[in-house]
Amino acid sequence: MAPNAVDYSWFNDDRFPDLADSYCFTLVRDLTPEALMTRLGANVEAVSRKTLDQLIDASYSGPGPLGTWDGHLFGAASIGGWVLMVEVNGHLGVNRKAIVPLSAGTRLVSHSRNVNAVGHFHWVEDGEIRLSFDPLFPSFRHGSAPDELVEMMRRVGFDLGHGLDRGTHDQAAFALAEHLTGVELTPQLLEESTYLCGLAPRSR
């Protein structure tokens with residue numbers, strides 16, 4: 001059975017209030033957390049390994065004004081044959097300057113939403129952006145294969161009419177990512193994983 005937006009109804013402000021408000025999830029095939037850090041030029045020693053709750057707390061407790069960090073703080077955990085990159089109030093995983101080289105020789109799938117409801121979804125194959133769109137506006141797609149997943153987008157829960165999708169677009173992004181990666185994210189997986197944390201340069 002294909003994944004569906006309903007499967008991800010657990011990802012909301014009640015379950016993960018400090019993450020659901022502004023998040024970025026990135027999955028990269030055949031990389032370890034350490035290899036991910038190397039490709040992104042991240043400093044690991046500054047933050048080390050953390051639980052999800054500790055990563056969330058650290059994201060808002062940096063040394064700068066209002067708890068900011070001088071760089072992109074993120075955590076990475078191995079999930080089967082993939083590495084999961086989690087950002088709280090971050091966007092490195094949807095930054096084209098970062099994800100195009102990060103996807104070299106492999107597949108990368110990422111999606112995000114910020115506090116202003118601006119979102120991104122990217123499917124990248126070996127440096128080629130196959131699909132890119134804002135989950136809130138799934139009818140406006142870009143990339144080298146913008147229509148290849150249209151039927152699957154409908155099946156997972158996207159409204160592909162030309163109106164504004166105010167429904168379950170965030171959850172549908174999770175389901176589409178699962179279709180492309182085979183990785184089902186669950187509350188237990190997120191909470192029970194240990195994340196190697198790093199700080200990537202803000203120049204990206």
Side-chain angles (χ1 to χ4, degrees), residues 8 11 16 18-60 62 69-114 119-127 129-132 135 170 173-204:
Y8 290 94
F11 189 74
F16 296 102
D18 295 317
L19 180 58
D21 190 45
S22 182
Y23 68 87
C24 182
F25 290 101
T26 306
L27 284 157
V28 190
R29 187 176 56 199
D30 296 333
L31 286 188
T32 63
E34 291 80 6
L36 180 76
M37 297 290 168
T38 298
R39 287 197 178 195
L40 291 173
N43 178 2
V44 177
E45 296 179 1
V47 277
S48 192
R49 297 185 182 273
K50 298 185 182 297
T51 65
L52 180 64
D53 285 341
Q54 291 170 336
L55 172 60
I56 292 172
D57 290 342
S59 298
Y60 294 106
W69 290 86
D70 184 20
H72 301 277
L73 179 68
F74 64 93
S78 291
I79 309 295
W82 296 74
V83 61
L84 169 67
M85 176 176 163
V86 178
E87 297 176 79
V88 185
N89 195 31
H91 61 273
L92 183 61
V94 291
N95 183 319
R96 295 188 179 208
K97 291 182 179 179
I99 63 178
V100 167
L102 181 57
S103 70
T106 189
R107 170 176 289 189
L108 179 150
V109 178
S110 61
H111 57 101
S112 70
R113 184 177 73 86
N114 66 19
H120 300 275
F121 187 101
H122 293 297
W123 164 31
V124 192
E125 296 279 352
D126 191 16
I129 298 178
R130 303 278 292 168
L131 176 65
S132 177
D170 289 335
F174 277 89
L176 186 61
E178 180 184 342
H179 167 73
L180 286 165
T181 63
V183 177
E184 179 186 3
L185 296 185
T186 66
Q188 293 75 23
L189 187 151
L190 292 177
E191 293 171 333
E192 294 174 4
S193 294
T194 298
Y195 299 87
L196 178 64
C197 298
L199 193 65
R202 193 169 291 281
S203 57
R204 290 187 181 277

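Because the structure is a prediction, the values reported are computed rather than measured.
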Item to check | side chain to side chain contact (heavy atoms under 4.5 Å, CB included) between F25 and F11, intermediate numbers included | outcome: CA-CA 12 Å; F25 290 101; F11 189 74; 3.8 Å; yes
Item to check | R49/E34 ion pair, N-O < 4.0 Å | outcome: yes
Item to check | Any residue meeting side-chain hydrogen bond (donor to acceptor under 3.5 Å, both in side chains) with H122, in chain and number order, not counting sequence neighbours | outcome: S132
Item to check | By side-chain hydrogen bond (donor to acceptor under 3.5 Å, both in side chains) - contacts of R107 (at least two apart) | outcome: E125
Write down the atom of [X], the atom of [Y], and the distance for their closest heavy-atom approach.
{"X": "S110", "Y": "V94", "result": "OG-CG1, 3.6 Å"}
{"X": "L92", "Y": "A200", "result": "CD2-CB, 3.7 Å"}
{"X": "L40", "Y": "F74", "result": "CD1-CZ, 3.7 Å"}
{"X": "K50", "Y": "A58", "result": "CE-CB, 3.9 Å"}
{"X": "E87", "Y": "L73", "result": "CG-O, 4.2 Å"}
{"X": "A177", "Y": "H111", "result": "CB-CD2, 3.9 Å"}

Checklist entry - Given the rule in the side chain to side chain contact (heavy atoms under 4.5 Å, CB included) test, do Y23 and N89 qualify, once you have shown the distances and angles that lead to the verdict? => result CA-CA 5 Å; Y23 68 87; N89 195 31; over 6 Å; no
Next on the checklist: Pair V83, L27 - check side chain to side chain contact (heavy atoms under 4.5 Å, CB included), show working.
Outcome noted: CA-CA 6 Å; V83 61; L27 284 157; over 6 Å; no
Rounded distance (nearest 0.5 Å) linking atom [atom1] of [X] with atom [atom2] of [Y]:
{"X": "M85", "Y": "L196", "atom1": "CE", "atom2": "CG", "value": "12.0 Å"}
{"X": "S103", "Y": "I129", "atom1": "OG", "atom2": "CD1", "value": "8.0 Å"}
{"X": "M37", "Y": "C197", "atom1": "CE", "atom2": "SG", "value": "6.5 Å"}
{"X": "L190", "Y": "T51", "atom1": "CG", "atom2": "OG1", "value": "12.0 Å"}
{"X": "I56", "Y": "D18", "atom1": "CD1", "atom2": "CG", "value": "6.0 Å"}
{"X": "R202", "Y": "H72", "atom1": "CZ", "atom2": "NE2", "value": "5.5 Å"}

Next on the checklist: Determine whether N114 and D21 satisfy the following criterion, side chain to side chain contact (heavy atoms under 4.5 Å, CB included), listing intermediate values before the conclusion.
Outcome noted: CA-CA 7 Å; N114 66 19; D21 190 45; over 6 Å; no
Checklist entry - In this structure, which one of T26, V28, L108 forms a side chain to side chain contact (heavy atoms under 4.5 Å, CB included) with V124? => result L108
Checklist entry - Are S112 and H120 close enough that some pair of their side-chain heavy atoms sits under 4.5 Å apart? => result yes
Next on the checklist: What I'd like to find out is whether the side chain of P187 reaches to under 4.5 Å of the side chain of F16, using heavy atoms alone.
Outcome noted: yes
Next on the checklist: Test your reading of the model: is there a side-chain donor-acceptor pair from R113 to the backbone of A20, 3.5 Å cut-off?
Outcome noted: yes
Checklist entry - Does any N or O in the side chain of T106 come within less than 3.5 Å of the main-chain N or O of R29, such that one atom is a donor and the other an acceptor? => result yes
Item to check | Atom CG of D70 with >12 non-hydrogen neighbours under 6.0 angstrom | outcome: no
Checklist entry - Do any pairs count as a side-chain hydrogen bond (donor to acceptor under 3.5 Å, both in side chains) and have a residue in residues 175-191, sequence neighbours left out, and if so which ones? => result Y8-E178, R15-E191
